[in-house]
Peer 1: 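Here you go, one structure.
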2 protein chains.
Amino acid sequence: MATRNSLYSGRIDKKEPSALDIAVGRIGFRKRFGINEEIYGANERADYFYKVVSGYVRSYTVVEDGRRLIAAFYLPGDIFGLEPTERHLFSAEAIFDAEMLVINRNEVMQSAARENTLARDLWAHVANELHRTQSHLLLLNKSASERVAIFLLEMGDRTRHDRTRHRDEIGLPMSRQDIADYLAVTSETVSRMLTKLENTSAIALRTTRSIVLRDRAGLEQMVI
Amino acid sequence: MATRNSLYSGRIDKKEPSALDIAVGRIGFRKRFGINEEIYGANERADYFYKVVSGYVRSYTVVEDGRRLIAAFYLPGDIFGLEPTERHLFSAEAIFDAEMLVINRNEVMQSAARENTLARDLWAHVANELHRTQSHLLLLNKSASERVAIFLLEMGDRTRHDRTRHRDEIGLPMSRQDIADYLAVTSETVSRMLTKLENTSAIALRTTRSIVLRDRAGLEQMVI
DNA sequence: CGACCATTTGATATGGATCAAGCGATGTGG
DNA sequence: CCACATCGCTTGATCCATATCAAATGGTCG
């Protein structure tokens, strides 16, 4: 009953490289993608999956009426596109110039048949994706200001490790429109909610792409 | 690019029982649940999972502000609660008196370590849950009337096999409020959209719990 | 039959979308 | 190095879909 699944941090504390990380490092080869370049398209065969070396990725689908829904952002270190289905459900693009490790799925699956820890890691990865998607579902049940607050906290958590100095300053690699399509609101609404949060001193907008969480507790309060 | 993931049928055509079905039949024991009885709660250890023998199940979470989000309905034959995570994320209740097969997860996992087809089935099951959840995400990006239409088509598909006579008459086991919490709208809105669909002759409301899809093509049109 | 709860229908309120204009940052060519 | 064009972001005004509040109707079970 005491539901505790409101926020998705997206980062499982990893002390040491997992069997999946090792397999990916062994099997994968590097490939660069330019800004807005497609990594794979929806409905393509999911023969390969990816690990972000540098840059950022958005996974999305364009609905029939033209609207776009971003299902996830992937940050350096994240693995994505590892679908248990035959084909990719979503498309993926580089948000900026980015570098990926490209991994052949079958190779990994064959290794997993022999290596139990790897099989367990694959299972855990899908579990994680499922968890992420379920959190996204909960997000879409909230008001616009809550969605923005949740998004900021999520990004803060996921980028915490590469911030040594100011732990509450987060760099947003994506545009307002990207954020809007992730939160299923308009970019105008994202803007308004950000200024509203700034007016209540919950955050500070250093530049458009750099935001300081001034009152993390207050933000967490509003998403409960 | 040609995104084809708008609708989720929830039913993989199964010619013969899968390895998972067989394992479940071997390991599981039967248990009855009364109306609205909790099968498991969010945050409980996910040591067991379930297969619906008869009756219907809702999987849901209650958000902090009291609203409820139903993540899925499970029908006879469906397996649910097989989380790759340590603990259940959602709660599950019987919608009516229902009978379940209760399966010990570890037992199945151990079998899967020896039996490749079973391991593949487990993987496929999680894939299916992920797919279902992603479809639900897309659903929440639509207008209220589209959501209702999608829901009706989905229920029509999922119950097709146990309708011999009128293939377009569907029995809804759940209340309007349940439907509303699944579609993330109010029950009033569900009512209104149903009467709207009836007025346009897309459906007929035989009774509140029995709906006839009179113009399936028209419904599919409006959800594209 | 009567009580109770679910459902439908109606009236009003409101959060966010839409339409539109201003502003700011970034880059380009003179 | 500056004028200017461009694109993304913010702010403002209005509109609309759905929520909310409220009442009427219907269905179910004692």
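Protein chains get the first letters and strands the later ones, always in sequence-line order, with residue 1 at the start of each.
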Peer 1: C:dA6 P sits how many Å from B:I35 CD1, rounded?
Peer 2: 10 Å

Peer 1: Taking the inter-plane angle between the rings of A:F80 and A:Y50 on a 0 to 90° scale, is it parallel (under 30°), tilted (30 to 60°) or perpendicular (over 60°)?
Peer 2: parallel

Peer 1: With a 4.0 Å cutoff (strictly under), does any side-chain N or O of A:T195 reach OP1 or OP2 of D:dT11?
Peer 2: yes

Peer 1: Give every pair of a protein N or O atom and an N or O atom of nucleotides 15-21 of chain C that lie under 3.5 Å apart, one pair per line with the distance.
Peer 2:
from   : atom 1 : to     : atom 2 : distance (Å)
C:dG16 : OP1    : A:A144 : N      : 2.8
C:dA17 : OP1    : A:T186 : N      : 3.3
C:dA17 : OP2    : A:T186 : N      : 3.4
C:dA17 : OP2    : A:T186 : OG1    : 3.0
C:dA17 : OP2    : A:T189 : OG1    : 2.3
C:dT18 : O4     : A:R192 : NH2    : 2.9
C:dC19 : N4     : A:E188 : OE2    : 3.2

Peer 1: Do A:E169 and A:S210 have side-chain atoms, one donor and one acceptor, less than 3.5 Å apart?
Peer 2: yes

Peer 1: Taking only N and O in the side chain of A:R209, is any of them less than 4.0 Å away from OP1 or OP2 of D:dC9?
Peer 2: yes

Peer 1: How long is the line joining NZ of B:K196 and C1' of C:dG10, in whole Å?
Peer 2: 17 Å

Peer 1: Output the rounded distance in Å from CZ (B:R176) to C1' (D:dT18).
Peer 2: 18 Å

Peer 1: Just how far, in rounded Å, is P of D:dA17 from CD of B:E146?
Peer 2: 12 Å

Peer 1: Between A:I95 (CD1) and D:dG8 (P), how many Å, whole number?
Peer 2: 14 Å

Peer 1: Between B:D181 and B:R58, does at least one N-O distance fall below 4.0 Å, as a salt bridge requires?
Peer 2: no

Peer 1: Take atom CZ of A:R206 and atom P of C:dA25, then tell me their distance rounded to the nearest Å.
Peer 2: 13 Å

Peer 1: Side-chain donor-acceptor pair under 3.5 Å between B:R68 and A:N141, yes or no?
Peer 2: no

Peer 1: Just checking, any donor-acceptor pair under 3.5 angstrom between side chains of A:E154 and A:Y182?
Peer 2: yes

Peer 1: Could you tell me whether B:D157 and B:R216 have a side-chain N and a carboxylate O separated by less than 4.0 Å?
Peer 2: yes

Peer 1: Taking atom P of C:dC5 as reference, at what distance in whole Å does atom CG of B:D178 sit?
Peer 2: 17 Å

Peer 1: Could you check how far CZ of B:R67 sits from P of D:dT18, rounded to whole Å?
Peer 2: 16 Å

